[in-house]
Undergrad: 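I'd like to ask you about the structure that follows.
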Amino acid sequence: MRRWGWVCVLGLLGVAACKKDVPAEAPDAGAVETGPSALTEKEPNERPDQALAITRDSVVTGGLAAEPNKLDEDWYRLAPGTPRIADVTVTGLPGGDVKLDVYDQDRNRLVGVNSEGEGKGERLPNLYVEQERWLVVSPARKGMGGAYTLEVKYRQPNDGEEREPNDRAVDAAALPLGQTVTAFLGHSGDEDWYRVELPGPATPEGEPAVQDSGAQAPGTTPAAPAPGSTPAAVPPPSTPDETPVIDDNAAPSPTPEGTFGGAEPPAAPPENAMPTAPGELGGQVAAQAVDAGPPPEPEVPSVALKIELSAVEGVRPEVSVLSAAEAPLFTLQGKEGEPLALRNIGVRATDRVVYVVVKGGWTGTGKAQRRTYNAQVPYTLTVSQEEAGAHAELEPNDELLKATPLTGAGFREGFLSPKSDVDNYVLTAREPVLAKVELSGVDRLDLTLSMVEPPQGDGQKETVLLKANDGALKEPERLNNVACSGTCYFRVEGSFRKVNGKFVKDFENADQPYRISISTVPDNGSEEREPNNTADRAQDLPLGKAVRGTVYPAKDVDYFRVDLSDRPVRTAITATLLGILKVDVGLYLHRLQSDGKLTLVQTSDRAKGDQAETIRYSAEPGVYVFEVRDAKNREANFQDSYQLTVEEGE
């Protein structure tokens, strides 16, 4: 027994020694790639079945025959085995122009690259090869040829990276709101299409959400991502018609006490209104003067988008937003080498899908005109939803026909970006009202607020009726007592300033919005009606009835018309103007001549601050115009109102 025990022990020790002396066999790691393959083009290769396969990073030496009657084509098969991004570069032909074309497995042409001139190469930096693609190198014209070098580099596709070709809606890359994509404008004909799905409208509780084809309803599982991409988390959309909470401390344009600031004040009854029994005509007229009518129809909710595009050297970017039917909703060209920050790009509430298209804008003139591109430097694009919701301006609104609607007691938030941006707004009133318009100040901006009248006939131009530009950088602007019956248009834009001897608009701020606020009251005749800054727009003033007004903005002039033409003899009149703080108001009496010109007949402008000014005059039959303005023509006061009364008698 003892002998067998030792045998077992020695046997075990031997086995252990054997295992220790024999080295473990290393697993086969396959062939180690030490660099790109060096390949040589082989003729004939004018058809796909003759194409040279490129399965890994490769440098191919080739040549094109210069044939006078046809183009020599060299076909290559890109077949990396797994989905890859291919960076394709071909050198130029000596004295010739080379081009690249890409075909799918059915020989459908997908993209062509021919951006450079003779002797220069071409590059396609981000061609997506899911299975295989055919690449063709050829001269741009017959009779050209020469040696070239083709280089193909493969890399792993990354999330958030463009995959060419994507120059059509059907090939558009899905771009979730709030996410960023990196892409190239790699050649002159390059267009990058992105499909953006918008949040659906809020639905009443208990009702199912109706989904459009291709749209994603809030709260449901996102659609499957494109091959090779990673599902992205989409932030929950905000309700378009939800009113945001406004921080009064952060408001750049606080409403002064005594002005119509956030809400519509109660309408005052007309002066000298007598109570009447029900059913009498006078009671109906009084009721109409006080009642502002039924509330306006609810505004159609819209979605406002923010589009941020980084700068690329040598590229003048052009960005378009298209509907699902590829109808243009917005288009803008930027400046070469500068980024674009587009705010409040409006799309319709019914749109569930829009396309954002990026391409290089045109530069040069004549035969030298071309689209800009850069195959070496990528850009980044981000599309997100604006936080302002239903209160956002809706671009494009640079034309009066595309003006963003305003309500009689509300506000909009907008951005001036780029520098040339102009924002138009429209107020629709179903009865005569007086509007007070306030525009907040914004860092880095000197804003101008105007009232604009559309062209009144074919070939006519629009007319600026009122303009407020009293403030400088960061300061607000206002328009008081603007008479509106029907539609009225207001415009927000950057002011001109002189730089190097030229007047330019070089203000923009894509980060901080301005706010345009409006409030209205029924027009009962007790307030001035702007614009009344010319004699032909003078407001009719009945004798014995007071009217109030403001001298604002600076150099504001208010005209009031008194008609005494039906009087048989002279009429003694007394005009009293109650002054206001800060402004030394002056009162000037003119007689309207038959040719429409004014003749000054009497003045009262002692410039005594808020003290009253008085004119007593024996007027012959005719039409007279009273002028109210700052006697020194330099001050303004938007808050306090003067009062003018013209009475008969001494």
Undergrad: Look up atom OG1 in T61 and atom CG in L150, then write down how far apart they are to the nearest 0.5 Å.
TA: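 Between atom OG1 of T61 and atom CG of L150 there are 9.5 Å.
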Undergrad: Regarding E308 and K306, does a basic nitrogen lie under 4.0 Å from an acidic carboxylate oxygen?
TA: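 Counted as a salt bridge, because a side-chain N and a carboxylate O are separated by less than 4.0 Å.
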Undergrad: Closest approach of T372 and E336, non-hydrogen atoms and distance?
TA: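 Shortest heavy-atom contact: CG2-OE1, 4.5 Å.
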Undergrad: Between the side chain of D351 and the main-chain N/O of V354, is any donor-acceptor distance below 3.5 Å?
TA: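 A pair under 3.5 Å: no.
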Undergrad: Do R155 and E161 meet the salt-bridge criterion of a basic N to acidic O distance under 4.0 Å?
TA: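 Looking at R155 together with E161, the answer is yes, because their closest N to O distance falls below 4.0 Å.
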Undergrad: So, does R352 use its side chain to make a donor-acceptor pair with the main chain of P199 at under 3.5 Å?
TA: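 Checked: pair present.
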Undergrad: For A79 and Y154, work out which heavy atoms get closest and say how close.
TA: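 Answer, listing the atom of A79 first, then Y154: N-OH, 3.7 Å.
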Undergrad: Which atoms form the tightest heavy-atom contact between T180 and T382, and what is the distance?
TA: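 Between these two residues, the closest heavy atoms are OG1-OG1, 2.7 Å.
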Undergrad: List the atom of L93, the atom of A147, and the distance in Å for their closest heavy-atom pair.
TA: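 Answer, listing the atom of L93 first, then A147: CD2-O, 3.8 Å.
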Undergrad: Against E413, only a single residue in Q512, R515, H391 fulfils side chain to side chain donor-acceptor pair (under 3.5 Å); can you say which?
TA: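 Output: one option passes, namely R515.
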Undergrad: For the side chain of E386 and the backbone of N344, is there at least one donor-acceptor N/O pair under 3.5 Å apart?
TA: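 Yes, E386 side chain to N344 backbone: donor-acceptor pair under 3.5 Å.
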Undergrad: Could you go through R84 and T82, starting from their C-alpha distance and side-chain angles, then the distance that decides it, and tell me whether this counts as side chain to side chain donor-acceptor pair (under 3.5 Å)?
TA: CA-CA 6 Å; R84 288 289 187 268; T82 57; 3.0 Å; yes
Undergrad: Can K359 and E191 be counted as an ion pair, charged N to O under 4.0 angstrom?
TA: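 A salt bridge is present here (some side-chain N lies under 4.0 Å from a carboxylate O).
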Undergrad: For S58, does its backbone N or O pair with a side-chain atom of E151 as donor and acceptor, under 3.5 Å?
TA: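 No; zero donor-acceptor contacts below 3.5 Å.
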Undergrad: To the nearest 0.5 Å, how far apart are CG in L100 and OG in S138?
TA: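 Here the rounded value is 8.0 Å.
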Undergrad: Assess whether side chain to side chain donor-acceptor pair (under 3.5 Å) is satisfied between D192 and Y379, documenting all intermediate values.
TA: CA-CA 11 Å; D192 296 338; Y379 67 83; 2.5 Å; yes
Undergrad: Please confirm whether the backbone N or O of K402 pairs with a side-chain atom of N424, one donor and one acceptor, at under 3.5 Å?
TA: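 Pair absent, no side-chain N/O of N424 close to backbone of K402.
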Undergrad: Taking atom CG of L394 and atom OH of Y425, what is their separation to the nearest 0.5 Å?
TA: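 Separation between the atoms: 8.5 Å.
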Undergrad: Can a donor-acceptor pair be found, under 3.5 Å and without considering hydrogens, that links the side chain of R371 to the backbone of G360?
TA: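 Yes.
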Undergrad: Using atom types as modelled and distance alone, determine if a side-chain donor or acceptor of W75 lies under 3.5 Å from a backbone N or O of E46.
TA: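 Flag set: sc W75 to bb E46 pair under 3.5 Å.
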Undergrad: So does E395 pair up with R343, basic N to acidic O under 4.0 Å?
TA: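 Between R343 and E395 there is no salt bridge, as every charged N stays at least 4.0 Å from the carboxylate O atoms.
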Undergrad: Strictly distance-based, threshold 3.5 Å: is any side-chain N or O of N374 a donor or acceptor partner for the main-chain N or O of E313?
TA: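 Checking the backbone N and O of E313 against the side chain of N374, a donor-acceptor pair under 3.5 Å is found.
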Undergrad: More than 12 foreign heavy atoms under 6.0 Å from CD of Q369: is that the case here?
TA: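 Buried by this count: over 12 neighbours within 6.0 Å.
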Undergrad: Any donor and acceptor pair, going by atom type alone, linking the side chain of E164 with main-chain N or O of N166 inside 3.5 Å?
TA: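 Side chain of E164 to backbone of N166: a pair is present.
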Undergrad: Using modelled atom types and a 3.5 Å cut-off, is there a donor and acceptor pairing between side-chain atoms of E41 and backbone atoms of G63?
TA: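 Yes.
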